Amino acid sequence: MFGFELDFSKETAAFWRQKLDLAMIVVAFMILGLFLRVVTGQKATWYAILEKFIGAAYMGGALLASLILPYSHKGLLLFLGYWLYEAALFAFLPCKIYDGIPLRRYGKEDSTYSLKYKCNGLKAFILTLITFAGGHYLGFWKMSIIHDNFAEILNAVNLVTYAMCFYLFFRGYFVKDAVFTGNALEDFWYGRELNPHIFGGSFDLKFFSEGRVGLIGWVLINLSLATAQYERTGTVTLPMILVNVFHFIYVLDYFVVEHYIVSTIDIIHERFGWMLAWGDYVWVPFYYTIQTWLILYADPVHENSTAWTIATILTNIAGYTIFRGTNRQKHMFKTNPKGTIWGKPAKIIETPRGNLLISGWWGLARHINYLGDLLLAISWGMPAGYRWAYIPYLYFVFMLGLLLHRFARDDIKCQLKYGEYWEKYKKAVPYRIIPGLF
Ligand code: NDP
């Protein structure tokens, strides 16, 4: 299956659990550190050093993974074929073009520009699913192909992403508006351009990479693992179906309102470097499917109790309602500030740099959207149950770290942007993520 034999024996599982337990102690300390940083609002020096260390460890680990994982031309061709297919759909599928919100040039805060966004992701997503399933039924490939070539594909994606990041790094020397911080590693990690365009300037590489390859790939991996479960056991269990459906809804939702992404931090503020690119291409599809792997390998025919299944679905609905409601409200507010929020005119704090919304979801906590994401993360682990301790919840642990880190960075960024108005906002909306609690 993997090109090398994977050992799923109890002894090996125990060995890796021991290693993972140690890693989790380190992660727990890091999350505690992040939590303290969010509470104190300080960017402590020790944390800045740790942050760099974690970044370097991630980048080094990814390179090391490519030395360990098997390489095959097939894996590389499968990935490149898929990338080109998605790129062609992105470039040629007709769609509505959305105006982006004003973007600021690095170091020239008052010089703004905006881009246009080709939001044909929903069509691309549906066409890809039809192609993937159609090829299976017509006998061109089996949907379990990703599962069967998993390590080779992972390696190929990793290598191609690294190559793309080097390209982006060196491209910075030849384009306008590239950022040079004076620290090459930092430039490699965060990237040098906010919106690199390739193929003669017509192809927005960041916008494309944010959604198409990784998010659609995430759903394809899930489908492939479900097919593999069917091939191995003759059945597809409810936990497997639930994980597939939950992830599918999340990705479908992204594409239904793909234009909302134009007001997210990734599009407005993050440059396109290793952090975003590797996250989009490698981390999202391959790490977010951990629960699906567990369901397939740890106990492939296990079904959960009815009570647990109902709790799983309710947690998912709660998370989704908050996640969608908050992001929708913010997007509506940014694009139509005179619109209503929960049937009433929006309450705002006026600032010279754009207004801040303080009613609706955004009046309950400053980052209540992150609460939605965290509930979703828990619900995605729940189908895999509690039989492997925290392992099904590794995605939740990661999300907690990511969102606390994002919170801290965003708080500093907004403080710089809005100044005294941000303090006013913090007084008007005192809770950070969980209303009444934190
Ligand atoms: P937000 O959507 O919370 O964006 C924060 C930005 O919104 C701020 O920098 C500020 O930018 C603006 N803003 C903040 N508060 C207000 C307000 N009250 N009124 C008006 N504008 C405000 O964060 P993200 O972009 O990080 O997240 C978007 C979604 O994506 C979230 O739900 C997040 O959880 C999710 N996500 C999921 C990930 C995953 O891997 N599953 C990864 C990352 C995010 P401005 O300068 O425009 O004012």
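Along the sequence shown, the residues carry numbers beginning at 1. Being a predicted model, the structure only gives us computed values, none of them experimental. Numbering of ligands and ligand atoms starts at 1, following listing order.
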What protein heavy atom sits nearest atom 34 (O) of ligand 1, and how far off is it? Asp373 OD2, 2.1 Å
Atom 47 (O) of ligand 1 has as its nearest protein heavy atom Lys334 NZ, 2.9 Å
Side chain or backbone of Thr264 under 4.0 Å from ligand 1, or both, or neither, by non-hydrogen atoms? both
Numbering as shown, the atoms of ligand 1 that approach Phe323 to under 4.0 Å (heavy-atom distance): 32 (O)
Under 3.5 Å, side chain of Arg366 to main-chain N/O of Val429, donor-acceptor pair present? yes
Apply ring pair (Phe, Tyr, Trp, His ring centres under 6.0 Å) to Tyr250 and Trp380, showing your working. CA-CA 11 Å; Tyr250 190 79; Trp380 294 351; 5.0 Å; yes
Before we go on, tell me: are the rings of Trp293 and Phe150 under 6.0 Å apart, centre to centre? yes
May I ask which of Asp410, Ile261, Ile101 has a heavy atom nearer to atom 5 (C) of ligand 1 than the others do? Asp410
Between the side chains of Asp204 and Lys118, is the shortest nitrogen-to-carboxylate-oxygen separation below 4.0 Å, so that they form an ion pair? no
For Tyr395, take its heavy atoms, then give the atoms of ligand 1 lying under 4.0 Å from any of them. 41 (N)
Applying a heavy-atom cut-off of 4.0 Å, say which part of Asn327 lies close to ligand 1: side chain, backbone, both or neither. side chain
Inspect the contact between Glu258 and Arg212 and indicate whether a charged nitrogen and a carboxylate oxygen are less than 4.0 angstrom apart. yes
Can you confirm, on distance only, whether ligand 1 has an N/O atom lying under 3.5 Å from any N/O atom belonging to Asp266? no
When you compare ligand 1 with Tyr288, is there at least one nitrogen or oxygen pair between them that comes in under 3.5 angstrom? yes
For Cys414, the ligand 1 atoms whose distance to one of its heavy atoms is below 4.0 Å: 8 (C), 9 (O), 10 (C)
Ranked by distance from atom 16 (C) of ligand 1, the top protein heavy atom is Leu356 CD2, 4.0 Å
Tyr431 atom OH, neighbour heavy-atom count above 12 within 6.0 Å: no
Among residues at least two apart in sequence or on other chains, which ones pass side chain to side chain donor-acceptor pair (under 3.5 Å) with His331? Ser263
For atom 38 (C) of ligand 1, find the nearest protein heavy atom and state the residue, atom name and distance (0.1 Å precision). Met399 CE, 3.6 Å
Considering only the protein, which heavy-atom contact is closest to atom 11 (O) of ligand 1, and what is its distance? Lys413 NZ, 3.2 Å
When you measure from atom 37 (C) of ligand 1 to each heavy atom in Tyr260, Tyr250, Tyr370, which option holds the nearest one? Tyr250
May I have all residue pairs that pass side chain to side chain donor-acceptor pair (under 3.5 Å) and include part of residues 22-34, sequence neighbours excluded? none
Evaluate Arg406 for polar contact with ligand 1, using N/O atom pairs at a separation under 3.5 Å. yes
In terms of residue, atom name and distance, what is the protein heavy atom nearest to atom 48 (O) of ligand 1? Tyr418 OH, 2.3 Å
Where is the nearest protein heavy atom to atom 25 (O) of ligand 1: which residue, which atom, and how far? Ile265 N, 2.8 Å
With atoms numbered from 1 as shown, which atoms in ligand 1 lie under 4.0 angstrom from a non-hydrogen atom of Leu357? 17 (C), 18 (N), 19 (N), 20 (C)
Atoms of ligand 1 close to His269 [distance to a heavy atom under 4.0 angstrom, numbered from 1]: 46 (O)
Do any N or O atoms from the side chain of Lys123 and from the backbone of Pro94 form a donor-acceptor pair under 3.5 angstrom? yes
Taking only Lys NZ, Arg NE, NH1 and NH2, and the carboxylate oxygens of Asp or Glu, determine whether Arg409 and Glu270 approach each other closer than 4.0 Å. yes
Can Phe248 and Phe125 be said to form a ring pair (Phe, Tyr, Trp, His ring centres under 6.0 Å), step by step? CA-CA 11 Å; Phe248 174 80; Phe125 181 40; 5.6 Å; yes
Applying side chain to side chain donor-acceptor pair (under 3.5 Å) to Asp410 and Tyr370, what does each step give before you reach the verdict? CA-CA 12 Å; Asp410 194 47; Tyr370 292 175; 5.3 Å; no
For the 3.5 Å polar cut-off, considering only N or O atoms, please tell me whether Arg366 and ligand 1 meet it. no
Those atoms of ligand 1 less than 4.0 Å from some heavy atom in Asn369: 1 (P), 2 (O), 3 (O), 23 (O), 31 (C), 32 (O)
Counting only nitrogen or oxygen atoms and a 3.5 angstrom limit, does Lys417 reach ligand 1? yes
Is it the case that the ring center of Phe207 lies less than 6.0 angstrom away from the ring center of Tyr117? yes
Counting from 1, what ligand 1 atoms have a heavy atom of Leu403 closer than 4.0 Å? 34 (O)
Between Asn327 and Tyr260, what is the shortest heavy-atom contact and its length? O-CD2, 4.2 Å
Please determine if Arg192 and Asp177 form a salt bridge, counting it only when a charged side-chain N lies under 4.0 Å from a carboxylate O. no
In ligand 1, which numbered atoms sit nearer than 4.0 Å to a non-hydrogen atom of Lys330? 1 (P), 2 (O), 3 (O), 4 (O), 5 (C), 6 (C), 7 (O)
Going by distance only, is there an N or O of Leu402 that falls short of 3.5 Å from an N or O of ligand 1? no
Is atom 14 (C) of ligand 1 in close reach of the protein, with a heavy atom under 4.0 Å away? no
